[in-house]
Amino acid sequence: MKKALFALLLVSLSKASTTGFVTGLTSDAINDFKDSALPFILSQAEDTEIPSQTYHVGHGRFKVLLMASNIKVSALELDVEKTKVEFSEPDRISLTIAGISGESSLDWSYDSALAGDQGSASIDLLETTAAMDIKLQEDQGKIVVEIENMVLSIRDLKIQILNNPSADLANWVLSVFNDKLKDLIEESVSGNLKETFQRELNKIIATYPSIINIGETPLAVNYSLSTPPKVTDQYLQINSLGLFLNKDKPELNPPIPAPKELPDFNPDSKDIQSFVSDYTINSAFYSAFTAGLLQANITSESVPSISPIQLTTSSLDNIIPGLVKKYGKNKKVDLACEAQKSPVISLQADESHGLIKGEIDTACGVIVRDEGQAVVLDMVLDFNGTAYLKDSFLKGSLKGMEITQLEARDNVLDKPVDTQGMMDLFNMAIELVLPSLDTLIFGKGIPLPKIDYVDLTDSEVVIKDGYVYVQATPHYNFN
């Protein structure tokens, strides 16, 4: 039942108009994609079989009956360099495939009052061009490709009779029907290529995930299209929802700030660009919070020896009086921290790469190992950090953090905690435990949509007001 409700919600979300995430690419990126993808697509094309054909030529005693059967077209190749992709409005991509060559074969026979024969023949397609218009559409939040106006033009068609003593006569007879055979092959192969290209392109585009599950967690991020794809003469842009969900408690309208209007693709920058809104990032925090994932343990062993404060009863006894008296000296202490409400971050541009700023309310239990919890510390932490891209994940890294409020509760000791002294001491040593706090705040990062066969290198991440701007150069591998 829960899965059915979640699926229903995803369908509702796919119809939403909120745009939290924008990604796009240039026509140059598409042409690079073409250089790798087209040979792969053609390798997947099945042989084209043309129905048997019968022709009558001449009159009276010179009337000839010609029959062709088992007509197949295979081994298609193309000139990738001369093939081109162009963007056009509205929302179409024109593809011209040049230099197609192919091998065909057939069984033939002819019969007349004077003679008759049968055998096999090979047909070579030379200097063939295929042109098509690709229309991009949206259906249930997903991209769908429709091939329009597929036209195949065969410049030269060569027929060769194989292993037959009367080949000269047979070649002459077949030459009479050369133009008809060429027209027949153009029509049949056009239909086959249209179907093949549409099928294979949709299969490749289907690897663009609309829903990404986050590992073994109950979280997922919905990248369903919020508007139909946009194609101009310079770029293709895809607007999507970009909303994180807790699959156990999915919410269509989480209590987070709405996204600001994101900019359009910049064709003067790198070939692939993404804009990740603070709405998307805050939805990630909210869904992680409702799933109970915003927690971290800081162990005694994780604190460097050079730190002025160690997580032991002896080191903490001055600011948490009574630890040594109750538990003994030099007992190891761990901090079990968990967020008390969902953090809300803001993205701010600066003169460098920008900042992620936020606040998190957390409760940290001070646990004496093998003994139990001594006290709970309620803290408010202000933090700032940067963003970076790694393995198709947008990740964050803390640059600084400060405890601005600290209160103690559930104290089982016989003396009150020096909250101001603890706050001052923790703030002095906080940089030494930033890696652990990184896990609490940023976790594993935000997975960006990833397409099979595509690797992103030379990436750059800059934080702007209200969004993170990611740009990269794509490399394709269909081997």
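Throughout, numbering of the chain's residues begins at 1 and tracks the sequence.
Between L219 and S287 the shortest heavy-atom distance is CD2-O, 3.4 Å. Residue Y286 comes nearest to P254 through the heavy atom pair CD2-CB, 3.8 Å, listed as atom of the first residue, atom of the second, then distance. Nearest heavy-atom pair across F383 and M401 is CB-CE, 3.7 Å. Between T280 and G242, the shortest heavy-atom contact is OG1-O, 2.6 Å. Across every non-hydrogen atom of P263 and V22, the tightest pair is O-CG1, 4.4 Å. The heavy-atom pair separating P218 from D248 by the smallest distance is CB-OD2, 3.5 Å.
In this structure a side-chain-to-backbone donor-acceptor pair under 3.5 Å is present from S283 to F244. In this structure a side-chain-to-backbone donor-acceptor pair under 3.5 Å is missing from D361 to K341. One N or O on the side chain of S277 and one on the backbone of G20 form a donor-acceptor pair closer than 3.5 Å. For the pair Q198 (side chain) and I147 (backbone), a donor-acceptor distance under 3.5 Å is present. At distances below 3.5 Å, not a single donor-acceptor pair connects side-chain atoms of D271 with backbone N or O atoms of L25. Checked by atom type and distance alone, the side chain of K260 pairs as donor or acceptor with a backbone atom of D465 at under 3.5 Å. Although no hydrogens or angles enter the test, the distance criterion places a donor-acceptor pair under 3.5 Å between the side chain of Q340 and the main chain of E338. Proximity of a side-chain donor or acceptor of T18 to a complementary backbone N or O of P259 within less than 3.5 Å is not detected. Judged purely by atom type and a 3.5 angstrom limit, Q273 uses its side chain to pair as donor or acceptor with the backbone of N266.
L243 is listed as a side-chain neighbour of Y279, based on a closest heavy-atom distance under 4.5 Å. Residues S240 and T23 fail the side-chain proximity criterion, which asks for heavy atoms closer than 4.5 Å. Using a 4.5 Å cut-off on side-chain heavy atoms (C-beta onward), I272 and T473 make no contact. No side-chain heavy atom of K247 sits under 4.5 Å from any side-chain heavy atom of T217. Here the side chains of V461 and Y469 are not in contact, with every heavy-atom distance at 4.5 Å or above. Between N297 and L335, the closest side-chain pair of non-hydrogen atoms is not below 4.5 Å. When side chains are defined from C-beta on, V221 does not count as touching I211, because their heavy atoms never get closer than 4.5 Å.
Atom CD1 of I463 sits about 11.0 Å away from atom CG of D278, to the nearest 0.5 Å. Considering CG of L136 and CZ of F87, their distance stands at 8.5 Å, rounded to 0.5 Å. Atoms CD1 and CD1, from I345 and I256 in turn, are 9.5 Å apart once rounded to the nearest 0.5 Å. To the nearest 0.5 Å, atoms OG1 (T129) and CD1 (I97) are separated by 9.5 Å. Interatomic distance, OG1 of T362 versus CG of L294, reported as 9.0 Å (0.5 Å rounding). Distance check: D334 CG to S302 OG gives 8.0 Å after rounding to the nearest 0.5 Å.
Checked against side-chain hydrogen bond (donor to acceptor under 3.5 Å, both in side chains), T290 has the following partners two or more places apart in sequence or in another chain: N246. For V344, the side-chain contact (heavy atoms from CB on, under 4.5 Å) test picks out P257, N282, with sequence neighbours left out. With sequence neighbours excluded, the residues forming a salt bridge (Lys or Arg N to Asp or Glu O under 4.0 Å) with E148 are R92, listed by chain and number. When the ring pair (Phe, Tyr, Trp, His ring centres under 6.0 Å) test is applied to F289, no partner is found at least two apart in sequence or on another chain. Judged as a side-chain hydrogen bond (donor to acceptor under 3.5 Å, both in side chains), and not counting sequence neighbours, Y467 has no contacts. In terms of the salt bridge (Lys or Arg N to Asp or Glu O under 4.0 Å) criterion, residue partners of E301 (sequence neighbours excluded) are, by chain and number, K332, R369.
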Derivation and outcome, side-chain contact (heavy atoms from CB on, under 4.5 Å), residues V468 and L347: CA-CA 7 Å; V468 179; L347 303 172; 3.8 Å; yes
Please test T404 against E402 for side-chain hydrogen bond (donor to acceptor under 3.5 Å, both in side chains), starting from the C-alpha separation and ending with a verdict. CA-CA 6 Å; T404 58; E402 180 183 8; over 6 Å; no
Step-by-step side-chain contact (heavy atoms from CB on, under 4.5 Å) determination, L95 to T83: CA-CA 8 Å; L95 172 61; T83 296; 4.0 Å; yes
Show the numbers, then the answer: is there a side-chain contact (heavy atoms from CB on, under 4.5 Å) between K194 and M132? CA-CA 8 Å; K194 178 179 178 180; M132 69 191 81; over 6 Å; no
Going through the distances and angles, do T386 and H353 end up as a side-chain contact (heavy atoms from CB on, under 4.5 Å)? CA-CA 8 Å; T386 58; H353 286 79; 5.8 Å; no
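A donor and an acceptor atom, one from each side chain of S88 and E86, are nowhere located under 3.5 Å apart. In this model, a donor atom of one side chain and an acceptor atom of the other lie less than 3.5 Å apart for T19 and S226. Remark: the Q137 side chain and the E146 side chain contain an N/O donor-acceptor pair separated by less than 3.5 Å. Side chain to side chain, Q237 and N239 meet the donor-acceptor criterion of an N or O pair below 3.5 Å. Residues S69 and D107 have side chains that never bring a donor and an acceptor to within less than 3.5 angstrom of each other. No hydrogens or angles considered: nothing links the side chains of D28 and T26 as a donor-acceptor pair under 3.5 Å.
The six-membered or imidazole ring of F275 lies away from that of F21, with a centre-to-centre distance of 6.0 Å or more.
Residue P343 forms a side-chain contact (heavy atoms from CB on, under 4.5 Å) with just one option from L381, I360, I281, and that option is I360.
Salt bridge present: D264 and K230 bring a charged side-chain N and a carboxylate O closer than 4.0 Å.
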